[in-house]
Q: 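Following this message is one structure expressed as structure tokens.
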Amino acid sequence: MPTFYSQQIPEQKLATAWLVMLAAVGVIWLGSCGKEESEQHGSGEVEQSLVPQLPSVPFEYSLLGFPEEWLTDPALQLFGNIGSDIGITDDGATLGRVLFYDPILSSDGAVSCASCHSQANAFADDAPHSIGVSGVPTERNAMGLFNFRYQRRFFWDMRTVGLEEQVLEPIAHPDEMALNLEDLPGRLAAQSYYPELFGAAFESTDVTVERVASALTQFLMSMRSYSSRYDAGRVNGFVNFSESELAGKSIFFNGDSRCNQCHSGLNLFSNQPFINGLEVDYEAAGDGGIGELSGDPFDDGRFKTVSLRNIGLTAPYMHDGRFSSLREVVDFYADDIQHHPFLDERLGVSGFGTPGQAPFQLTLSDEERMALVDFLNTFNDTLMTSSWWLSDPF
Ligand code: HEC
Ligand code: HEC
């Protein structure tokens with residue numbers, strides 16, 4: 001059985017709020033001379049001035065589950081249980097939560113995972129390209145993070161296999177957190193709060209790169225999203241839907257739009273990457289996706305088919321964040337799909353089975369386009385984005 005929790009702020013957190021405020025004043029004061037200071041010491045050592053505020057009894061991450069229906073959904077069984085098989089413990093995921101929000105994991109002590117993956121945006125970035133330590137924008141858009149039980153390959157070009165592998169990449173990436181992984185254990189062990197957190201999560205207080213990867217993975221595996229108005233509608237026969245949302249739902253699921261042929265099942269995604277026709281020649285346009293890895297024209301512009309859950313919260317859209325609104329996405333699918341030589345057949349005039357077709361034209365009226373946008377917004381989670389156990393503990 002899944003466990004649902006209402007949003008609550010642990011008392012301890014309230015009681016110490018004033019302390020955090022004092023600490024914040026300290027940060028501002030330090031900030032005015034902080035740069036000079038670290039240059040003076042020249043040691044490259046960075047110390048975190050805040051400490052995480054955690055409940056005295058850890059949240060029961062280990063009890064979080066997916067609804068029964070997810071565990072039996074045929075489409076999900078197809079992709080089923082391919083995510084990390086790492087065991088989630090309450091103390092392990094708690095440590096992962098602290099690590100996820102801690103800027104100490106970056107070389108300059110200023111960038112955390114959450115700098116680019118914000119909870120309010122279902123852990124996506126609201127900028128088309130993210131800015132990390134180097135100030136050089138990332139090449140691609142930071143997508144939302146959730147439902148990793150059903151995912152094994154990561155990034156828009158699906159280059160990394162396994163969440164435990166993935167979580168270390170942003171730490172070392174020169175434009176993201178730029179911290180040498182060899183320096184990571186020492187950096188963490190020097191913070192007052194980590195030895196105890198590692199001790200609770202693992203058998204000893206030793207800080208290792210593998211333990212960091214495990215704890216972050218446990219926390220990411222706890223980002224589960226299945227509570228939306230769409231889910232409520234599926235139970236109550238959609239009495240909670242407006243006329244427009246109902247009209248949008250028919251467009252999404254009718255065979256003409258083919259949306260659900262790729263964004264399918266309860267997670268509204270696919271673990272197959274597709275070419276959805278943003279460009280005639282992606283490589284020439286600057287990003288060939290999987291094609292850049294395989295060198296095969298058949299893969300030019302093939303990208304991960306991300307979930308449409310929370311889609312109203314994760315703007316801007318596509319691998320490069322080119323569309324700033326869902327209306328722009330719908331306009332693209334309705335009349336601007338490009339005639340790529342390997343455009344997926346589901347987006348061609350006669351559908352799946354005939355290769356090399358011209359793109360379809362959906363001929364949707366203005367009202368129908370608005371209806372589809374309204375329906376897409378019903379996928380927004382009403383729980384994950386406000387759950388305190390996924391929020392910033394600092
Ligand atoms: C500077 C911004 C930045 C920071 C910091 C950052 N990320 Fe990301 N993240 C991105 C971008 C951009 C992508 C997409 C990159 C791509 O596909 O090539 C991404 C992708 C991901 C993905 C892949 C999701 C999927 O569906 O394939 C995961 C998981 C992830 N990040 C976790 C993390 C974790 C954990 C941290 C901290 C250790 C972190 N990120 C720090 C920008 C960032
Ligand atoms: C052939 C499979 C396919 C079909 C059919 C399809 N999509 Fe997509 N969709 C994709 C792929 C692949 C991406 C990512 C492409 C990229 O970023 O380059 C995507 C991206 C998106 C995104 C942006 C996701 C994000 O987080 O940035 C939205 C929104 C979307 N699709 C909605 C729809 C709607 C609405 C329809 C029906 C009109 C539809 N899709 C039909 C494969 C498909």
Side-chain angles (χ1 to χ4, degrees), residues 96 99-103 105-106 111-117 122-125 127 129-134 136-148 151 153-160 163 166-173 175-179 212-213 216-217 219-220 223 248 251-252 256-264 268-270 272-279 282 287 289 301-308 310-312 314-323 326 328-330 332-334 337 343-348 351-352 360 362 364 372-373 375-376 379:
L99 292 166
F100 187 85
Y101 285 97
D102 197 342
L105 271 71
S106 62
V111 177
S112 72
C113 305
S115 306
C116 306
H117 296 285
F123 299 104
D125 195 340
H129 302 274
S130 309
I131 304 288
V133 166
S134 68
V136 177
T138 56
E139 279 169 29
R140 296 184 180 137
N141 176 246
M143 62 281 264
L145 307 178
F146 48 86
N147 295 350
F148 291 118
Q151 299 177 52
R153 304 193 75 106
F154 300 98
F155 295 119
W156 283 103
D157 53 14
M158 299 174 84
R159 63 186 179 273
T160 299
L163 199 51
Q166 194 287 333
V167 294
L168 295 174
E169 288 190 36
I171 301 175
H173 194 291
D175 294 327
E176 297 187 9
M177 300 164 91
L179 186 67
V212 171
L216 276 170
T217 300
F219 181 61
L220 261 61
M223 295 171 174
I251 297 169
F252 188 87
D256 296 337
S257 76
R258 324 230 175 98
C259 305
N260 74 321
Q261 293 182 18
C262 294
H263 303 279
S264 49
L268 303 155
F269 81 135
S270 170
Q272 297 299 310
F274 294 114
I275 298 168
N276 71 344
L278 295 166
E279 303 285 350
Y282 284 78
D287 191 346
R302 197 172 290 281
F303 284 98
K304 181 167 182 170
T305 311
V306 288
S307 169
L308 296 188
N310 299 304
I311 199 69
T314 64
Y317 302 106
M318 305 297 170
H319 65 274
D320 52 4
R322 67 177 62 196
F323 298 129
L326 283 175
E328 285 178 29
V329 172
V330 166
F332 154 73
Y333 278 111
I337 299 173
L343 174 69
D344 192 86
E345 296 156 19
R346 294 165 188 83
L347 294 167
F352 190 66
F360 68 33
L362 272 181
L364 296 177
L372 188 49
V373 169
F375 173 63
L376 291 171
F379 293 147

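Residues: numbered from 1 along the sequence shown. All ligand and atom numbering here is 1-based and tracks the order in the structure.
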Q: Should Ser112 be listed as contacting ligand 1, given a heavy-atom distance under 4.0 Å as the test?
A: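 Right, Ser112 reaches ligand 1.
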
Q: For Gln151, counting its heavy atoms only, list the atoms of ligand 1 lying under 4.0 Å from any of them.
A: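 Near Gln151, the atoms of ligand 1 are 26 (O).
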
Q: Numbering the atoms of ligand 1 from 1, which are under 4.0 Å from a heavy atom of Gln166?
A: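 Those of ligand 1 that fall under 4.0 Å from Gln166 are 21 (C), 22 (C), 28 (C), 29 (C), 30 (C), 31 (N), 32 (C).
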
Q: Does the side chain of Thr138 come under 3.5 Å of the side chain of Asp175 through a donor N or O and an acceptor N or O?
A: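 Their side chains do not contain a donor-acceptor pair, so the 3.5 Å distance test is not met.
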
Q: Taking only heavy atoms of Phe154, which atoms of ligand 1 are found under 4.0 Å from at least one of them?
A: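 The atoms of ligand 1 under 4.0 Å from a heavy atom of Phe154 are 25 (C), 27 (O).
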
Q: Return the minimal non-hydrogen interatomic distance between Thr305 and Gln272, and the atom names on each side.
A: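 Nearest heavy atoms, Thr305 then Gln272: OG1-O, 2.8 Å.
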
Q: If we set the cut-off at 4.0 Å for heavy atoms, which region of Ser130 has an atom near ligand 1: side chain, backbone, both, or neither?
A: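 The answer is the side chain.
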
Q: Does the residue Glu169 have a heavy-atom contact with ligand 1, meaning some pair of atoms that are separated by less than 4.0 Å?
A: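 Contact absent.
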
Q: Heavy-atom contacts with Gly132 under 4.0 Å: which atoms of ligand 1 show up? List them by number with element.
A: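 Per the distance check, 1 (C).
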
Q: Using 30° and 60° as the class boundaries, would you call the ring planes of His319 and Phe303 parallel, tilted or perpendicular?
A: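 Plane angle under 30°, so parallel.
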
Q: Could you report the tightest heavy-atom contact between Cys262 and Ser270, atom names first, then the distance?
A: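 Closest approach of Cys262 to Ser270: O-CB, 3.3 Å.
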
Q: With atoms numbered from 1 as shown, which atoms in ligand 1 lie under 4.0 angstrom from a non-hydrogen atom of Arg159?
A: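 Those qualifying, in numeric order: 18 (O).
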
Q: Check each heavy atom of Ile171 against ligand 1 and say whether those closer than 4.0 Å belong to the side chain, the backbone, both or neither.
A: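 It is the side chain that gets close, since no backbone atom is under 4.0 Å.
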
Q: State, to 0.1 Å, how close Asn141 and Trp156 come at their nearest heavy-atom pair, and which atoms those are.
A: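 Result for this residue pair: O-NE1, 2.9 Å.
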
Q: How far apart are the closest heavy atoms of Arg153 and Lys304, and which atoms are they?
A: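 Closest approach of Arg153 to Lys304: O-NZ, 3.1 Å.
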
Q: Between the protein and ligand 2, which nitrogen or oxygen pairs come in under 3.5 Å, and how far apart is each?
A:
{"residue": "ligand 2", "atom": "7 (N)", "partner": "His263", "partner atom": "NE2", "Å": "2.9"}
{"residue": "ligand 2", "atom": "7 (N)", "partner": "Tyr333", "partner atom": "OH", "Å": "2.8"}
{"residue": "ligand 2", "atom": "9 (N)", "partner": "His263", "partner atom": "NE2", "Å": "2.9"}
{"residue": "ligand 2", "atom": "9 (N)", "partner": "Tyr333", "partner atom": "OH", "Å": "2.8"}
{"residue": "ligand 2", "atom": "17 (O)", "partner": "His319", "partner atom": "N", "Å": "2.7"}
{"residue": "ligand 2", "atom": "17 (O)", "partner": "His319", "partner atom": "ND1", "Å": "3.3"}
{"residue": "ligand 2", "atom": "18 (O)", "partner": "His319", "partner atom": "ND1", "Å": "2.7"}
{"residue": "ligand 2", "atom": "27 (O)", "partner": "Met318", "partner atom": "N", "Å": "2.7"}
{"residue": "ligand 2", "atom": "31 (N)", "partner": "His263", "partner atom": "NE2", "Å": "2.9"}
{"residue": "ligand 2", "atom": "31 (N)", "partner": "Tyr333", "partner atom": "OH", "Å": "2.9"}
{"residue": "ligand 2", "atom": "40 (N)", "partner": "His263", "partner atom": "NE2", "Å": "2.9"}
{"residue": "ligand 2", "atom": "40 (N)", "partner": "Tyr333", "partner atom": "OH", "Å": "3.0"}

Q: Does any N, O or S atom in His117 come within less than 2.8 Å of atom 8 (Fe) of ligand 1?
A: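 Checking His117: at least one N, O or S atom is under 2.8 Å.
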
Q: To the nearest 0.5 Å, what is the distance between SG on Cys113 and CZ on Phe100?
A: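 Output value for this atom pair is 5.0 Å.
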
Q: For ligand 1, is there an atom lying under 4.0 Å from some heavy atom of Leu220?
A: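 The answer is yes: ligand 1 sits under 4.0 Å from a heavy atom of Leu220.
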
Q: How far does CG of Leu362 sit from CG of Leu347, to the nearest 0.5 angstrom?
A: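 Rounded to the nearest 0.5 Å, the CG-CG separation comes to 9.0 Å.
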
Q: So, applying side chain to side chain contact (heavy atoms under 4.5 Å, CB included) with Val111, which one of Pro170, Pro103, Ser106, Ser134 is it?
A: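 For Val111, the side chain to side chain contact (heavy atoms under 4.5 Å, CB included) test succeeds with only one of Pro170, Pro103, Ser106, Ser134, which is Ser106.
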
Q: With a cut-off of 4.0 Å, which atoms of ligand 1 are near a heavy atom of Cys116?
A: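 Matching atoms, with element in brackets: 1 (C), 2 (C), 3 (C), 4 (C), 5 (C), 42 (C), 43 (C).
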
Q: Could you tell me which non-hydrogen atom of Arg302 sits nearest to which non-hydrogen atom of Pro273, and how far apart they are?
A: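 That closest heavy-atom pairing would be NH1-O, 3.4 Å.
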
Q: Please work out whether any backbone atom (N, CA, C, O) or any side-chain heavy atom from C-beta onward of Ala142 is under 4.0 Å from ligand 1, and answer side chain, backbone, both or neither.
A: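 Looking at Ala142 and ligand 1, atoms from backbone and side chain both fall under 4.0 Å.
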
Q: Between the main-chain N or O of Gln166 and the side-chain N or O of Thr160, is there a donor-acceptor pair closer than 3.5 Å?
A: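 It does not hold such a pair.
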
Q: Kindly give the heavy-atom pair with the smallest separation between Asp125 and Ser130, and that separation in Å.
A: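 For Asp125 versus Ser130, the nearest heavy atoms are OD2-OG, 2.8 Å.
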
Q: Quick one: does Phe155 get an N or O within less than 3.5 Å of an N or O on ligand 1?
A: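 There is such a contact, yes.
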
Q: If you measure from each non-hydrogen atom of Met158 to ligand 1, which part falls under 4.0 Å: side chain, backbone, both or neither?
A: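 Under 4.0 Å from ligand 1, Met158 contributes no heavy atoms.
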
Q: Which bit of Glu176 is near ligand 1, meaning a heavy atom under 4.0 Å away: side chain, backbone, both or neither?
A: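 It is both parts that get close, each with some atom under 4.0 Å.
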
Q: Measuring from His173:NE2 to Leu168:CG, what's the distance to the nearest 0.5 Å?
A: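 Rounded to the nearest 0.5 Å, the NE2-CG separation comes to 14.0 Å.
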
Q: For ligand 1, which atoms have a heavy atom of Val111 less than 4.0 angstrom away?
A: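 Atoms satisfying the 4.0 Å criterion: 5 (C).
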
Q: Measure up the Phe148 and Phe154 rings against each other and bin them: parallel (under 30°), tilted (30 to 60°), perpendicular (over 60°).
A: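 Rings of Phe148 and Phe154: perpendicular, over 60°.
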
